Amino acid sequence: MMNFADTRPAELDAMPESHLDTFRVTGLPQIRSLLKTVMDRNIPVIINGSDGSAHTTQLWALDSNRDKIAFSADVLSPSLHRLIEAEEAVAVCYLEQIKLQFDVHERMLVHGTQSCVMQAAMPHELFRFQRRNAYRVRTLERSAPTAAFRHPAMPDVHLELRVLDLSAGGCALYMPNDMPPVEPGCLINGITVELDADTEIKASLLIHHITSVQPQAQGVRLGCELLNMDAESQRLLVYYIDQIQKRRRMMSLD
């Protein structure tokens, strides 16, 4: 199974055409069905511009009669306007373990009486990839990293949650029951993950699922995806994971 970076589109030009056919979906009923699921579940969609810009939004409407789709739009967002001006744009989103990718053509802002959307052409093909399985390490409890951010529904509430395990593309956080809950599918920007006393990284956090840690636990486990990390944050994270693996191997030899 091929691996693709979680936050960027797969490089289709680098793949043989015969291999692409394994992942390509061209039937319009199936495309509309997949996109409707993305819309109904309010799944975040990351649209990447050819100029390097990226904008996170949600699929707002499907118009099969006019062969159009629409995404929610914040007219004050600089990344949205860069995306409109970009020569090309590719959307990426996730349905469970499946990564969906499709081109976003004919982008334009459409203003209504009370809202604004980014309209685009209905894609006539999309690609389905099995999501990358990154190796996760369980953190060392005495020196576990923490993730700090403002509660998405209550900006005055500052959360600092312990990281239970970590990979190059995701993490699990422990959230005590006495804290305000968060919802699956929520995208939280401005996350600071303190790996150790001297190292921290910046990212966005997409919450995929919430599960109980164990029957007697006083909290829940948030299964999260790490997004929008720059190259330096990715390098620091991979180095940290490698060091944790080495320390665990040494502890097993004691």
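Please read all numbers here as calculations on a predicted model, not as lab measurements.
- Between V163 and T146 the shortest side-chain heavy-atom distance does not fall below 4.5 Å.
- Contact annotation: the side chain of V92 approaches that of N48 to within less than 4.5 Å [non-hydrogen atoms, C-beta and beyond].
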**Q.** Derivation of the side chain to side chain contact (heavy atoms under 4.5 Å, CB included) call for L166 and Y240
**A.** CA-CA 10 Å; L166 198 58; Y240 176 83; 3.8 Å; yes
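- Counting heavy atoms of neighbouring residues, nucleotides and ligands inside a 6.0 Å radius, atom CD of E88 does not exceed 12 of them.
- Heavy-atom neighbours of R150 CZ from other residues, nucleotides or ligands within 6.0 Å: at or below the threshold of 12.
- Figure legend: R162 and Y174 shown as a cation-pi pair, the cationic atom lying under 6.0 angstrom from the six-membered ring centre and within 45 degrees of its axis.
- Of the inter-residue distances, the one linking E106 atom CD with I69 atom CD1 reads 10.5 Å to the nearest 0.5 angstrom.
- Note: R41 CZ to K36 NZ = 11.0 Å, rounded to the nearest 0.5 Å.
- Closest of all the heavy-atom pairs between P44 and C93 is O-CB, 3.4 Å.
- Considering all non-hydrogen atoms of both residues, K202 and T192 come closest at NZ-OG1, 2.7 Å.
- Counting heavy atoms from C-beta on, the side chains of F149 and L161 come closer than 4.5 Å.
- Both V110 and W60 belong to a single network of hydrophobic side chains, linked directly or stepwise wherever heavy atoms of I, L, V, M, F, W or Y lie under 4.5 Å apart.
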Q. Under the side chain to side chain contact (heavy atoms under 4.5 Å, CB included) criterion, do L195 and E200 qualify, and how do the steps go?
A. CA-CA 5 Å; L195 298 175; E200 65 179 31; over 6 Å; no
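- Side-chain contact between E194 and P145: absent, with no pair of heavy atoms (C-beta onward) separated by less than 4.5 Å.
- Tested against V90 for a side chain to side chain contact (heavy atoms under 4.5 Å, CB included), the candidates I46, D103, V104, I47 yield a single pass: D103.
- Side-chain contact check for D156 versus H151: every heavy-atom pair is 4.5 Å or farther apart.
- No side-chain donor from either of S79 and S53 sits under 3.5 Å from a side-chain acceptor of the other.
- Side-chain polar atoms of S233 and D230 form a donor-acceptor pair below 3.5 angstrom.
- Note on V238 and I201: separate hydrophobic clusters, where clusters join Ile, Leu, Val, Met, Phe, Trp and Tyr whose side-chain heavy atoms are under 4.5 Å apart, directly or indirectly.
- Residues I191 and V157 share a single hydrophobic cluster, defined by chaining ILVMFWY side chains whose heavy atoms lie under 4.5 Å apart.
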(Q) Determine whether Q58 and I43 satisfy the following criterion, side chain to side chain contact (heavy atoms under 4.5 Å, CB included), listing intermediate values before the conclusion. (A) CA-CA 6 Å; Q58 290 180 322; I43 292 173; over 6 Å; no
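- With contacts defined as side-chain heavy-atom distances shorter than 4.5 Å, the pair L226/S204 does not qualify.
- No single ILVMFWY cluster, assembled from side-chain heavy atoms under 4.5 Å apart, contains both F71 and V117.
- Taking both residues in full, the closest heavy atoms of L83 and R107 are given as O-NE, 3.1 Å, listed atom of the first, atom of the second, then distance.
- For the atom pair CG (L62) and CG (D40), the distance works out to 8.5 Å, reported to the nearest 0.5 Å.
- To the nearest 0.5 Å, atom CE of residue M108 and atom CD1 of residue I84 are 8.5 Å apart.
- Taking CD1 of I31 as the start and OG1 of T26 as the end, the distance is 6.5 Å to the nearest 0.5 Å.
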**Q.** Derivation and outcome, side chain to side chain contact (heavy atoms under 4.5 Å, CB included), residues L35 and F102
**A.** CA-CA 10 Å; L35 293 180; F102 57 93; 3.8 Å; yes
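- Inter-residue side-chain proximity for Q30 and R128 is flagged as met; some heavy-atom pair is nearer than 4.5 Å.
- Nearest heavy atoms, H158 versus A148: NE2-CB, 3.9 Å.
- Atom CZ of residue R235 and atom CE of residue M229 lie 13.0 Å apart, to the nearest 0.5 angstrom.
- Cluster annotation: L205 and M179 are assigned to the same hydrophobic cluster (Ile/Leu/Val/Met/Phe/Trp/Tyr, side-chain heavy-atom contacts under 4.5 Å, transitive).
- The backbone N or O of A73 lies less than 3.5 Å from no partner atom in the side chain of S77, so there is not a single donor-acceptor pair.
- Tested against L80, the residues L109, T56, T57 include a single side chain to side chain contact (heavy atoms under 4.5 Å, CB included) partner, L109.
- The environment of E85 atom CD is sparse: at most 12 non-hydrogen atoms of other residues, nucleotides or ligands sit within 6.0 angstrom.
- A donor-acceptor contact under 3.5 angstrom links the side chains of H124 and D67, judged on distance only.
- Note: H208 and Y94 have perpendicular aromatic rings, judged against thresholds of 30 and 60 degrees for the angle between ring planes.
- For R82 against D51, the heavy-atom pair with the smallest separation is O-OD2, 3.8 Å.
- Taking every heavy atom of both residues into account, L173 and C171 meet most closely at CD2-SG, 3.9 Å.
- Put simply, the side chain of P176 does not reach to within 4.5 Å of the side chain of V220, judged on heavy atoms.
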